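Single-structure report; data block below.
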Amino acid sequence: MKAVKQNLYEKYAPVFSAIGDYLEAFREHGYDKSAVDRIAGLLQKTGGTPLGEILNGQSDAVKYTVALGTLVNFSRREAETLTSVFGVRAGSITPEVVCELFFGVADIFPVSGSLSEYSLPERLFDGVRPAYNAVMTLKPFAAHFIADGDIDDDAFAPEPDCEMRYIPLSENMRAEREIAAAVRSRDTDTRRVIAVCGEEGAGRRTAAVRALEAVGAACVEIRGEIRYDSGRMKELATKLMLLDAVPAVVQGTDTEGFAKLVSGLSEQLGTVIAVCGEIVPDLGAGTEIVTVRIGDPTMEEQYRIWESELSAYNVDNSVDISELAGEFSFTAGGIRKALRFAEMLSEGDTLIMADIKAGCCRSVNSDMGSKAVKINCVFGWDDIVLPEHSKRLMRTACDQVRYRHKVYDTWGFAGKIAYGRSVSMIFTGPPGTGKTMAAQIIAAELGLDIYRISLANVVSKYIGETEKNLDDIFEKAKKSKVVLFFDEADVLFSKRTEVKDSNDKYSNMESAFLLQKIEEYNGIVILATNLVQNFDEAFKRRMKLMIDFPFPDADRRREMWKRALPEKLPLENIDFDYLVSSFELSGSNIKNIALHSAFLAAADGSRAVSMKHVIAALKNEYAKSGKAFTKAEAGEYFYYIDG
């Protein structure tokens with residue numbers, strides 16, 4: 001007999017021996033009802049075995065068919081006996097054989113009803129159809145299941161490690177209860193898909209497994225990339241039926257294929273769990289969809305996750321978990337992924353804060369699409385020249401990110417704030433006064449990537465398109481954990497107008513939508529404008545901070561000139577007093593002039609940058625603005641104008 005687990009063999013032996021004895025007796029004496037009744041009684045005693053589970057609740061015809069088909073598959077002696085008595089192919093059975101042996105009739109009427117499409121024999125045997133000419137052989141997976149109670153399939157994914165530093169989270173526990181309730185009320189006649197949605201790493205699969213465990217059901221994860229095929233679906237569904245398992249199909253990159261797979265399994269099994277992203281794919285008509293969404297863990301929960309996950313690493317004492325929880329909004333899986341990246345990026349055996357922040361940035365998908373451009377953060381606090389009050393507000397913005405956990409959760413402000421936890425601010429001031437530089441400094445200080453939003457690609461003349469574009473930006477930003485920098489934001493945040501026509505109405509709707517997305521975003525949003533007077537007062541009130549970038553006075557211009565020139569740059573008699581007092585320039589203008597003059601000196605072979613080069617660069621900067629640089633403005637250096 002084929003290899004059968006010892007404990008199962010002991011339970012199968014009585015009924016298989018009885019059928020074998022009956023086959024030998026049938027050769028001499030034919031049909032014997034008392035022998036059949038004895039076999040039926042022994043089949044009843046196989047409960048608790050894989051074979052018993054298969055036969056539970058089935059008709060006598062199905063029970064005899066499966067039992068005989070299993071026996072001749074497992075035992076060569078019985079298979080040869082059946083062949084010698086009935087002339088069937090070794091290892092196979094026919095409906096006629098089953099009817100003669102167990103019902104004492106020569107036609108297939110007693111079993112014909114049990115051989116219909118999707119019947120149990122049709123699922124377990126090859127060669128069932130057409131029934132009148134069937135030569136039936138037990139399928140290998142069915143034989144394997146009966147032998148040792150297990151089934152494998154390349155569609156089955158490895159079981160998730162649900163106990164890996166498991167932390168009960170409010171969103172996940174709610175999801176588990178909802179999934180369990182939907183499974184508990186399942187009906188095989190109803191096509192029901194339980195769509196478990198959420199961000200990658202939110203614990204969707206773990207929630208499904210734990211929910212099914214709670215209701216006493218097994219869960220088998222199905223790879224979402226399995227190609228749909230009706231025959232393949234029937235075999236897969238049959239395996240899941242034998243395992244008495246609810247499938248959890250995990251969405252891959254092929255959304256259409258995933259939808260077909262889920263729909264196909266639901267058609268055969270009734271209830272299927274679909275592990276989706278944020279959006280549930282279209283599953284067609286006739287499918288009842290129960291959507292269960294798993295939101296982000298609270299900041300307090302993220303603190304606990306960081307604490308738990310960091311316990312597995314060698315971490316420097318300076319690492320501040322509260323700061324990590326405040327700066328980055330991650331799922332549990334996202335935190336694990338970030339730490340794996342941090343470990344790869346670390347140059348030592350101990351993780352420091354910079355390693356972990358770098359791991360956080362590298363672990364997320366920073367593809368913001370064509371509507372946003374990444375800014376490289378090359379500036380630090382020493383590079384910017386601002387009034388002290390403005391600098392303090394910039395540091396305050398950083399603190400509002402770092403200490404969110406302490407203020408909102410530990411000190412209880414979470415229940416007092418109506419508009420969310422985003423750190424939103426307005427940078428206001430003339431062009432070239434350092435708004436973009438300041439945004440870079442804040443992002444660099446916090447270890448975050450920053451993206452400038454190209455408003456030309458966002459605002460659309462078509463109704464609803466602007467909102468769609470904004471929604472796309474914020475959804476991508478949520479996944480990328482980045483700072484959003486809206487330049488020339490007054491385009492979207494201008495004062496709300498009296499509604500005189502449809503254009504006014506939709507313009508107001510767009511600005512209100514942007515405000516809503518800013519408040520929902522659990523990150524940093526910076527709005528830069530040259531025309532703060534055009535901002536709606538209600539919008540300004542809803543921002544956390546407003547930082548002024550005034551046009552620099554003489555003292556700040558002097559400082560800007562000195563900081564714009566690198567220490568390594570050789571200088572020759574630069575008249576800073578003249579430059580500061582004679583030209584009211586922005587920081588951006590001064591940087592441009594400094595760089596341009598250096599290139600002029602390098603090109604003409606000079607050993608150092610002199611006033612000749614600076615005056616020529618000044619003239620070029622004036623020309624860019626459409627202004628004439630006259631000899632009167634050049635003053636004592638007029639002779640360099642035509643140089």
Side-chain angles (χ1 to χ4, degrees), residues 118 123 151 153-160 162 171-295 331 333 475:
Y118 295 111
R123 288 180 178 275
I151 295 179
D153 194 288
D154 60 6
F156 295 172
E159 293 183 13
C162 299
E171 280 288 299
N172 299 63
M173 291 190 292
R174 176 193 53 76
E176 289 171 22
R177 291 193 297 271
E178 291 181 9
I179 296 168
V183 172
R184 215 178 269 117
S185 61
R186 61 179 163 161
D187 179 354
T188 54
D189 295 329
T190 301
R191 292 172 55 183
R192 172 180 290 176
V193 173
I194 305 169
V196 186
C197 305
E199 192 177 337
E200 181 184 357
R204 296 162 297 171
R205 291 181 296 167
T206 301
V209 171
R210 291 177 63 86
L212 290 170
E213 286 178 352
V215 298
C219 178
V220 173
E221 183 179 323
I222 307 295
R223 302 179 195 275
E225 64 270 17
I226 296 299
R227 189 173 179 180
Y228 177 83
D229 173 83
S230 58
R232 183 78 173 89
M233 287 305 97
K234 182 185 286 186
E235 179 181 311
L236 197 53
T238 302
K239 290 180 177 181
L240 292 164
M241 288 176 180
L242 295 180
L243 293 170
D244 192 26
V246 177
V249 187
V250 181
Q251 184 173 2
T253 55
D254 181 5
T255 302
E256 184 178 349
F258 169 75
K260 284 183 178 179
L261 178 59
V262 170
S263 185
L265 286 175
S266 178
E267 187 175 354
Q268 299 217 25
L269 296 171
T271 298
V272 172
I273 294 174
V275 179
C276 311
E278 299 292 338
I279 301 173
V280 182
D282 182 11
L283 300 175
T287 302
E288 177 186 287
I289 300 176
V290 178
T291 303
V292 179
R293 298 192 181 278
I294 301 180
T331 61
E475 281 303 309

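Just so we're clear, the structure is a prediction, and the values are computed from it rather than from any experiment. Excluded from the calculations below are hydrogen atoms, water molecules and symmetry mates; all remaining heavy atoms, backbone and side chain alike, are included.
Here the options are R232, R223, K239, the test is salt bridge (charged side-chain N to carboxylate O under 4.0 Å, His left out), and the partner is D154; only R232 passes. The side chain to side chain contact (heavy atoms under 4.5 Å, CB included) with C219 is formed by just one residue from the set L243, V209, V183, V246; it is V209.
With a 4.5 Å cut-off on side-chain heavy atoms, R123 and Q268 count as touching. Residues F156 and L236 are in side-chain contact: their nearest non-hydrogen atoms beyond the backbone lie under 4.5 Å apart. In this structure, L212 and I273 have side chains that are in contact, with non-hydrogen atoms separated by less than 4.5 Å.
In this structure, A248 and V275 approach most closely via the heavy-atom pair CB-CG2, 4.4 Å. Across all their heavy atoms, I222 and P247 have their closest contact at CG1-CB, 3.9 Å. In terms of heavy-atom proximity, A182 sits nearest to S185 at O-OG, 3.3 Å. Nearest heavy atom pair, residue A237 against residue L265, reads N-CD2, 4.3 Å. Summarising the geometry of N172 relative to A202, their closest heavy-atom pair is ND2-O, 2.7 Å, with the distance given to 0.1 Å. Counting all heavy atoms, side chain and backbone alike, I294 lies closest to A175 at CG1-CB, 3.6 Å.
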What side-chain donor-acceptor pairs closer than 3.5 Å can you find for residues 284-291, not counting sequence neighbours?
residue, atom, partner, partner atom, Å
T287, OG1, R191, NH2, 3.2
E288, OE2, R192, NE, 2.5
E288, OE2, R192, NH2, 2.8

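Side-chain N or O atoms of D244 include none that pairs as donor or acceptor with a backbone N or O of A218 at under 3.5 Å. The closest donor-acceptor contact from the side chain of T271 to the backbone of I194 lies at 3.5 Å or more, if one exists at all. Formation of a donor-acceptor pair under 3.5 Å by the R174 side chain with backbone atoms of R293 is found in this model.
Going from atom NZ of K260 over to atom CG of D229 covers 11.0 Å, rounded to the nearest 0.5 Å. To the nearest 0.5 angstrom, M233 atom CE is 10.0 Å from L240 atom CG. For the atom pair T331 OG1 and E171 CD, the distance stands at 12.5 Å (nearest 0.5 Å). With rounding to the nearest 0.5 angstrom, the CE atom of M241 is 10.0 Å from the NZ atom of K234.
E225 CD: more than 12 foreign heavy atoms inside a 6.0 Å radius.
By the salt bridge (charged side-chain N to carboxylate O under 4.0 Å, His left out) test, D282 is found to be paired with no residue, residues two or more places apart in sequence or in another chain being considered.
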